[in-house]
Each structure stands twice: as C-alpha cells, then as structure tokens.
Amino acid sequence: MATHLPDDFKCPISLEIMSDPVILSSGHTFDRSSIQRWLDSGHRTCPITKLPLPEHPCLIPNHALRSLISSFTIPKSQPDPNPCRNLNPDQSKKYQTQLLIYTLVSPSSTLESKLHSLSQLTRLTKLDSGPRRQLTESGAVSAVLNCVNSTESEIQEKALALLLNLSLDDDNKVGLVAEGVISRVINVIRAGSASSRAIGCTILTSLAVVEVNKATIGAYPNAIKTLIWVLYSGKGREVREAATALYAICSFVDNRKRAVECGAVPLLMKIGGMGLERAVEVLSLLVKCKEGREEMRKVNGCLEVLVKVIRNGSERGVQCALLTLTCLCCFAEEMRVEAEKEGVLEICVGFLDDENEKIRRHASSLVQTLSGRG
C-alpha cells in the first residue's frame with residue numbers, strides 16, 4: 001500500500017509511512033519514533049539540512065498531514081497505477097479531494113501545483129458540502145490561510161475563493177474565525193487587488209450570518225474602518241461588497257455606533273445618491289442609533305438622497321428610505337419641515353395602497369409623523 005501513497009507521507013529516516021508525523025524546528029517533518037531515536041542517540045542536527053538544533057528540540061505534531069495520511073484510502077488489492085478506476089463516484093471524488101489537499105499542504109509542492117489544487121478544490125467545494133467538510137476536517141485550513149498571505153495575486157484570489165466556499169456551511173463559520181480568518185481577510189482588503197478586496201468583503205458577509213461572528217468582526221481592530229475605507233477608495237464590485245458586509249455586521253446593535261464613529265454616514269449618503277441602494281439599506285440600520293441620526297442631519301443633501309430612492313428605488317430601497325426618513329423626521333423638527341416642503345407627504349399617501357405590506361406600513365408611519373400624529 002505504501003508504494004501507492006505520496007512520498008511525502010514517508011518518514012525521511014525510516015522511509016515508512018508516518019503514523020505520528022511531527023515537525024522539527026528546521027521545518028521538516030519526521031515520524032515521531034524515528035526522529036526521537038535520532039535525538040536519543042545524541043544527534044543535535046537536522047537529518048536533512050544538517051543544521052544545528054537546540055539542546056532540547058521541540059517536536060510539533062503535524063495534524064494536517066496526520067489527518068491526510070489516516071484518511072487516504074486506497075484499496076489494498078490495487079496495484080493499478082490508476083487507483084480511482086474501481087471506485088464509485090463518491091469514493092473517487094473523495095480520493096481526488098484527498099490528493100488535492102495533500103498537494104496544498106505539502107511543503108514540496110510547486111507554486112503551479114498549489115494553484116491547480118486551489119482551483120480544483122474551489123470547484124469541488126462550490127456546490128458540495130462533502131469536500132468542504134473533508135477539507136476542514138483534514139486540518140488544511142491553515143494551508144489555505146497561508147496561501148491567502150501569498151504575494152502572488154492569483155494564488156491569493158484562489159485561496160480567498162476557496163475560503164468563501166468553506167464559509168458557506170454554518171458549522172464552519174465560527175471555526176474559521178477561530179482559525180484567524182478575520183485578520184487575514186482584513187489585511188487582504190487593505191493591500192490586495194480589487195478582486196481580492198471584493199472576495200474578502202464577501203467572506204466577511206458570509207461569516208457574519210452567525211450572530212457571534214458579527215460581534216467578533218465588529219470588535220476586531222480596524223475591521224469596520226477597513227470596510228468604510230473601501231467605500232471611499234474602491235470601485236464597482238468591491239464597493240457593493242463592502243456595503244453588503246457593513247449591512248450584515250451592523251445588524252448587530254453595538255456595531256452601528258462603531259460604523260458611525262468611523263465616518264460611514266457621509267460616504268453612504270454619497271454612494272446612495274449615486275444609485276447604490278445597499279448604502280441606503282445600511283443607513284436604515286445606522287439611523288436606529290442616536291449617533292447615526294445626529295450625523296445624518298448634518299449631511300448636506302441627506303433628504304434629497306432619501307427622497308430620490310423613495311421616488312425611483314426598488315421595493316427594498318423604498319422600504320429602507322421610508323424607514324430612515326421617518327426616524328429622522330421624528331428626531332429633528334427641521335427634517336420634518338424640509339420633508340413636507342419636498343412633497344414627501346403626498347408621495348407617502350400614494351404608497352398607502354401599495355401591494356407591498358412593508359412599504360404600506362412605513363409610508364403610514366411617515367404620513368403620521370409628517371401630519372403631526374406620530
């Protein structure tokens with residue numbers, strides 16, 4: 001069976017498949033029993049590099065490689081060079097995934113082979129939870145994160161796409177945060193390509209589906225500030241994805257004040273005025289905190305942006321603009337007076353018979369507020 005397994009599964013000392021792989025300080029992996037015998041014999045150099053080792057060398061378990069070796073199943077009666085030949089489709093997919101994971105975690109893999117592995121794993125994990133579970137259980141997430149740190153933009157983008165797929169499963173969302181995904185993603189959003197920034201923002205949106213992650217992301221240093229920076233400096237898709245991530249994160253109450261303090265309101269107003277309704281959706285969350293309302297009343301053209309969306313927006317945009325304007329008119333008398341001058345009351349009366357229940361409800365609330373009955 002050993003002859004059919006990758007060479008990197010073999011201990012460099014014994015040349016046997018490793019049962020308990022450990023990493024030496026030199027960075028090379030050995031089977032624990034073999035390297036321990038080497039050290040017990042008085043050697044204080046790495047068997048491969050011949051570089052000196054500490055007096056008491058530390059052996060770090062290589063969990064990812066051990067998991068791969070233990071799950072690497074090949075029929076024992078199979079001397080066939082094509083070991084997938086007699087496997088059913090599910091077994092074949094699992095076997096192929098194992099090979100790709102191995103290539104990804106192996107220190108001897110070339111850049112080209114890692115790129116191929118990332119591409120294929122991204123394809124396999126896009127619609128199938130099986131390979132996603134296989135990859136996370138193998139302990140290979142750390143290898144994916146290392147690729148996220150790559151200076152090669154193509155490797156980085158493929159690794160981010162794979163992380164996004166892994167984040168689709170709710171069971172993975174908290175675990176990925178525990179693995180350190182947030183810090184890697186924030187760094188990419190700050191320094192990566194436009195495509196990497198967009199994918200990074202989408203990953204944060206996916207992770208924020210879980211309530212505890214919303215709090216964790218919001219409290220992470222510079223996370224919200226980085227998303228707002230994308231609103232300021234980005235274009236197209238990355239701005240849309242940043243606004244979407246901000247919306248997901250700010251559904252957690254404590255994050256609204258943080259976003260306001262980072263300067264989100266004027267940027268969202270500007271972007272909303274340019275036609276990105278997602279910005280108005282974020283404003284409909286920020287208006288629920290006092291700090292958000294204070295900032296909105298200071299922004300020149302605030303009312304014009306909201307009225308424009310109320311007149312011409314999608315159903316979702318109209319709902320959010322009505323809600324935001326109602327909160328502002330209840331909060332500041334000058335906003336109520338200005339809204340009346342802009343003919344908002346007449347517009348809202350026209351919505352009272354709308355088919356959309358939420359639009360009718362928000363329009364009714366605003367009518368009452370503008371009529372002095374709110």
Colleague: On the six-membered ring of Tyr247, is Arg278 placed so that its NZ or CZ lies under 6.0 angstrom from the centre and within 45° of the ring axis?
Modeller: yes
Colleague: Which of parallel (below 30°), tilted (30 to 60°) and perpendicular (above 60°) describes His43 and Trp38?
Modeller: parallel
Colleague: Of the non-hydrogen atoms in Ile203 and Leu160, which two are nearest, and what is the gap between them?
Modeller: CD1-O, 3.4 Å
Colleague: Could you tell me whether the side chain of Asp128 and the main chain of Leu124 form a donor-acceptor pair under 3.5 Å?
Modeller: no
Colleague: Under 3.5 Å, is there a donor-acceptor pair between the Asn187 and Arg184 side chains?
Modeller: no
Colleague: Looking only at side-chain N and O atoms, does Thr110 offer a donor or acceptor that is under 3.5 Å from a partner on Ser113?
Modeller: yes
Colleague: Tell me yes or no: between the side chains of Ser129 and Asp169, is some donor less than 3.5 Å from an acceptor?
Modeller: no
Colleague: Does the side chain of Thr202 pick up a donor-acceptor pair with the side chain of Glu241 at under 3.5 Å?
Modeller: yes
Colleague: Tell me whether Ser371 contacts the main-chain N or O of Val367 through its side chain, where contact means a donor paired with an acceptor under 3.5 Å.
Modeller: yes
Colleague: Kindly give the heavy-atom pair with the smallest separation between Ala161 and Thr122, and that separation in Å.
Modeller: CB-CG2, 3.9 Å
Colleague: Between Ser142 and Glu179, do the side chains contain an N or O donor and an N or O acceptor separated by less than 3.5 Å?
Modeller: no
Colleague: State whether a side-chain donor-acceptor pair under 3.5 Å links Ser106 with Thr103.
Modeller: no
